[in-house]
Amino acid sequence: METKYIFVTGGVVSSLGKGIISSSVACLLKARGYRVTIQKFDPYINIDPGTLNPYEHGECYVTVDGHEADLDLGHYERFTDIQTTRANNITTGRIYQSVIDKERRGDYLGKTVQIVPHITDEIKRNVKLLANTGNFDFIITEIGGTVGDIESLPFIESVRQLRWELGSNCICIHLTYVPYIAAAKELKTKPTQHSVKQLQEVGIQPDILVLRTEKNITPEVRRKIALFCNVAPEAVIQSIDVPTIYEVPIKMHEQHLDEIILKKMGVPVEGEPHMAPWLNFLEKMDKATEDVTIGIVGKYVELQDAYKSINESLFQAATYNDHRLNLRFIHSEKVNNDNIESYLKDLDGVVIAPGFGQRGIEGKFAALKWCREHNVPTFGICLGMQCMVIEFARDVLGLEDANSTEMEPSAKNNVIDLMEEQKSISNLGGTMRLGAYECKLAPDSIAAKAYGSTLVKERHRHRFEFNNDYREQFEAAGMKCVGENPATHLVEVVEIPSLRWFTGTQYHPEYSSTVLHPNPLFLSFVKAAIDYKHEKNK
């Protein structure tokens, strides 16, 4: 079968959930046995989100091949179990950089370089690039931003050209908003009509409309939208608010979205998608009656997207442990040794969040000291693991000035230090230790028991590392280095075996946790938190 291309655009407002709809379509098509991948085109000029503040862009997601990517790629992976790469996330910055590099090399033979055809040709080349790398049946391309944004226009123009070039092998799904006006007590369709009109003005007729809404859209209203937007009535789908994003694929299938897509692309519709494992997850979620309360200590806790992958990994792990997740966010700038107990005493487990920089770091030390002394299940991730090491050095080893050279470049007891290969780097973008690396685990460690293996591969995003000069001191005092990179002997995992569950990972296990395959470390951590809760209740 020839590769089919599905473009997902959005209108009216951003944050409607193009990523969730794209992921849901991919989930359904994959459940029907097709080979599927998804890519995201972001219209900003940054090369990637690696240098963007979480306040600007939420979490930076890392692919297996070490690309810093948009957080929607996390949704793609969690919904589909596919592994994304650098080719799955393209920004305007990457497109322009590539075109300018070609121009400097003389590839355009002295021609004037323009948006059309040179930028649009480069966008189209990237759309089709995935077909060459993976032998896919369907490639879903999400266009970031909204129709009408100046920065999105080259991407929209590229979609228009591809629709002509690809013919029946290409369709466009347009996601738009149908607001409910409480004063008038009715849904308003004009924003959707205007959004589709804008898309038509640039030469694209959507094949399917997905309507984001808080209220049920009646068949009459859907027929009205179909009439004014030149879309078949059965291809007007509603995406109503649901308790969890993981219900969206089921809601889309109930309205036959996957079948509509196949019919429009000339693919025979046979049987039903194999959604049994997904439905099992949803059933577990519905049946759970007990809560497990987990706190995340970090400096971006007021942003729901800053720790997106961690939140979802905890939710998945709680569900598979037959519990509901009660997630509490604790701002690390607001806590200290004097007030920390009031924040943590009711928690069943604590995650010390990743991040960069000095802000809020002392609050993380206070939380770790309290958790260690009160034997509360604790999970440190990346900087969280490094904070575990520093707190232990200060409060157990007696190295009061222990620190990371990230926070204090002249630290005498630099228990966390800049990696050797990082010392000559001045550019910040894409220069960290990024992507999946092997980690060898001690057989008797909590981590090895959780994974059921002594060799794992997880994704990284860091510049600083555990200083091996201090390893003997730490191990003699009770903090064991139970995971290391087999090639470099870089310490990847630390544990205090005498405690219930006190583990830190230099890597980010949240990036590899999916709905159907939750990360084993999160499963183990949440189980330990549930066991601790039961002990407290006794």
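Rounding to the nearest 0.5 Å gives a distance of 11.0 Å between CD1 of Ile90 and CD1 of Ile143. Atom CD1 of residue Ile381 and atom SG of residue Cys387 lie 12.5 Å apart, to the nearest 0.5 angstrom. In this structure, the separation between CD on Gln39 and OG1 on Thr85 is 9.5 Å, given to the nearest 0.5 Å. From Lys440, atom NZ reaches atom CD of Glu484 across 8.0 Å, with rounding to the nearest 0.5 Å. We find the CD1-OG distance between Ile20 and Ser239 to be 9.5 Å, quoted to the nearest 0.5 Å. Note: Ile6 CD1 to Ser22 OG = 9.0 Å, rounded to the nearest 0.5 Å.
Side-chain N or O atoms of Tyr44 include none that pairs as donor or acceptor with a backbone N or O of Glu151 at under 3.5 Å. Without hydrogens or angle criteria, Asn89 side chain to Asp70 main chain gives a donor-acceptor distance under 3.5 Å. Checking side-chain atoms of Thr378 against main-chain N and O of Val376 turns up a donor-acceptor pair under 3.5 Å. Of the possible polar contacts, one joining the Gln386 side chain to the Phe464 backbone as a donor-acceptor pair under 3.5 Å is found. Not one N or O on the side chain of Asn126 forms a donor-acceptor pair closer than 3.5 Å with the backbone of Leu129. Judged by distance alone, with hydrogens and angles left aside, the side-chain atoms of His331 form no donor-acceptor pair with the main-chain N or O of Phe329 at under 3.5 Å. Counting only distance, with no hydrogens or angles, the side chain of Asn468 and the backbone of His489 share a donor-acceptor pair below 3.5 Å. For Lys40 (side chain) and Leu71 (main-chain N/O), no donor-acceptor pair under 3.5 Å exists by modelled atom type. Counting only distance, with no hydrogens or angles, the side chain of Glu495 and the backbone of Ala447 share a donor-acceptor pair below 3.5 Å.
Here the side chains of Thr505 and Phe379 are in contact, with some heavy-atom distance below 4.5 Å. Here the side chains of Phe474 and Arg471 are not in contact, with every heavy-atom distance at 4.5 Å or above. Contact annotation: the side chain of Asp348 never approaches that of Ile530 to less than 4.5 Å [non-hydrogen atoms, C-beta and beyond]. You'll find the side chain of Ile45 stays beyond 4.5 Å of the side chain of Tyr96, heavy atoms only. At least one side-chain heavy atom of Arg394 sits under 4.5 Å from a side-chain heavy atom of Asn403. A heavy-atom distance below 4.5 Å is found between the side chains of Ile310 and Pro354. Residues Asn485 and Gln506 form no side-chain contact, since every pair of their non-hydrogen atoms from C-beta on lies 4.5 Å or further apart. Residues Ile390 and Leu368 are not in side-chain contact: their nearest non-hydrogen atoms beyond the backbone lie 4.5 Å or more apart.
Checking each of Asp417, Asn467, Asn414 against Thr405 for a side chain to side chain donor-acceptor pair (under 3.5 Å) leaves exactly one that passes, namely Asp417. Of the options Met388, His462, Glu406, a side-chain contact (heavy atoms from CB on, under 4.5 Å) to Leu383 is made by Glu406 and by none of the others.
When all heavy atoms are compared, the tightest approach of Ala529 to Ile294 is CB-CD1, 3.7 Å. Nearest heavy-atom pair across Glu59 and Ala306 is CB-O, 3.6 Å. The minimum heavy-atom distance linking Ile82 with Thr80 is given by the pair CG1-OG1, 2.8 Å. Of all heavy-atom pairs spanning Ala477 and Phe392, the tightest one is O-CZ, 3.6 Å. The two residues His253 and Pro273 have their closest heavy-atom pair at CE1-CD, 3.4 Å. Considering every non-hydrogen atom in both Val351 and Phe525, the closest pair reads CG2-CE2, 3.7 Å.
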*Run the side-chain contact (heavy atoms from CB on, under 4.5 Å) check on Phe522 and Gln316 step by step: do they pass?*
CA-CA 9 Å; Phe522 279 95; Gln316 293 155 8; over 6 Å; no
*Going through the distances and angles, do Cys481 and Glu475 end up as a side-chain contact (heavy atoms from CB on, under 4.5 Å)?*
CA-CA 7 Å; Cys481 300; Glu475 300 221 330; 3.3 Å; yes
*What's the verdict on side chain to side chain donor-acceptor pair (under 3.5 Å) for Thr91 and Asn46, showing C-alpha distance, side-chain angles and the deciding distance?*
CA-CA 7 Å; Thr91 66; Asn46 305 66; over 6 Å; no
*Under the salt bridge (charged side-chain N to carboxylate O under 4.0 Å, His left out) criterion, do Lys18 and Asp72 qualify, and how do the steps go?*
CA-CA 9 Å; Lys18 291 191 300 296; Asp72 273 320; over 6 Å; no
*Using the side-chain contact (heavy atoms from CB on, under 4.5 Å) rule, take Phe315 and Asn311 through it: C-alpha gap first, then chi angles, then the decisive distance, then the call.*
CA-CA 6 Å; Phe315 177 76; Asn311 302 353; over 6 Å; no
_If you apply the rule side chain to side chain donor-acceptor pair (under 3.5 Å), what do you find for Ser98 with Asp101, and how did you get there?_
CA-CA 5 Å; Ser98 177; Asp101 286 346; over 6 Å; no
_Working for side-chain contact (heavy atoms from CB on, under 4.5 Å), residues His508 and Arg461_ = CA-CA 8 Å; His508 289 262; Arg461 186 177 184 242; 4.1 Å; yes
*Evaluate the criterion salt bridge (charged side-chain N to carboxylate O under 4.0 Å, His left out) for residue pair Glu77 and Arg459; output intermediate values, then yes/no.*
CA-CA 14 Å; Glu77 293 204 13; Arg459 303 179 209 185; 2.8 Å; yes
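A salt bridge is absent between Lys299 and Glu333: the closest approach of a Lys/Arg side-chain nitrogen to an acidic carboxylate oxygen does not fall below 4.0 angstrom. Taking a cutoff of 4.0 Å between a charged side-chain nitrogen and a carboxylate oxygen, Asp241 and Arg212 qualify as a salt bridge. Salt bridge status for Glu391 with Arg372: present, with a side-chain N to carboxylate O gap under 4.0 Å. One finds no salt bridge joining Asp291 and Lys533 here, because no Lys/Arg side-chain nitrogen approaches an Asp/Glu carboxylate oxygen to under 4.0 Å.
Looking only at atom types and distance, the side chain of Tyr532 has no donor-acceptor partner in the side chain of Asn375 under 3.5 Å away. A donor-acceptor contact under 3.5 angstrom links the side chains of Arg78 and Ser309, judged on distance only. Between the side chains of Asn519 and Ser513, no donor N or O sits under 3.5 Å from an acceptor N or O. There is a side-chain donor-acceptor pair under 3.5 Å between His460 and Glu492. No donor-acceptor contact under 3.5 angstrom links the side chains of His67 and Asp48, judged on distance only. Side-chain contact of Asp149 with Thr146: a donor-acceptor pair under 3.5 Å is present, judged by distance alone.
In this structure, Lys412 places its NZ atom where only 12 or fewer heavy-atom neighbours from other residues, nucleotides or ligands lie under 6.0 Å away. Annotation: His517, atom NE2; neighbour count of heavy atoms from other residues, nucleotides and ligands within 6.0 Å does not exceed 12.
Between Tyr61 and Tyr511, the ring-plane angle classifies as perpendicular under the 30° and 60° cut-offs. In this pair, Phe281 and Tyr246 present their aromatic rings perpendicular. The plane angle is above 60°, beyond the 30 to 60° band. Ring-plane geometry between His75 and Phe79 is classed as perpendicular, the angle between the planes exceeding 60 degrees on a 0 to 90 degree scale with a lower cut at 30.
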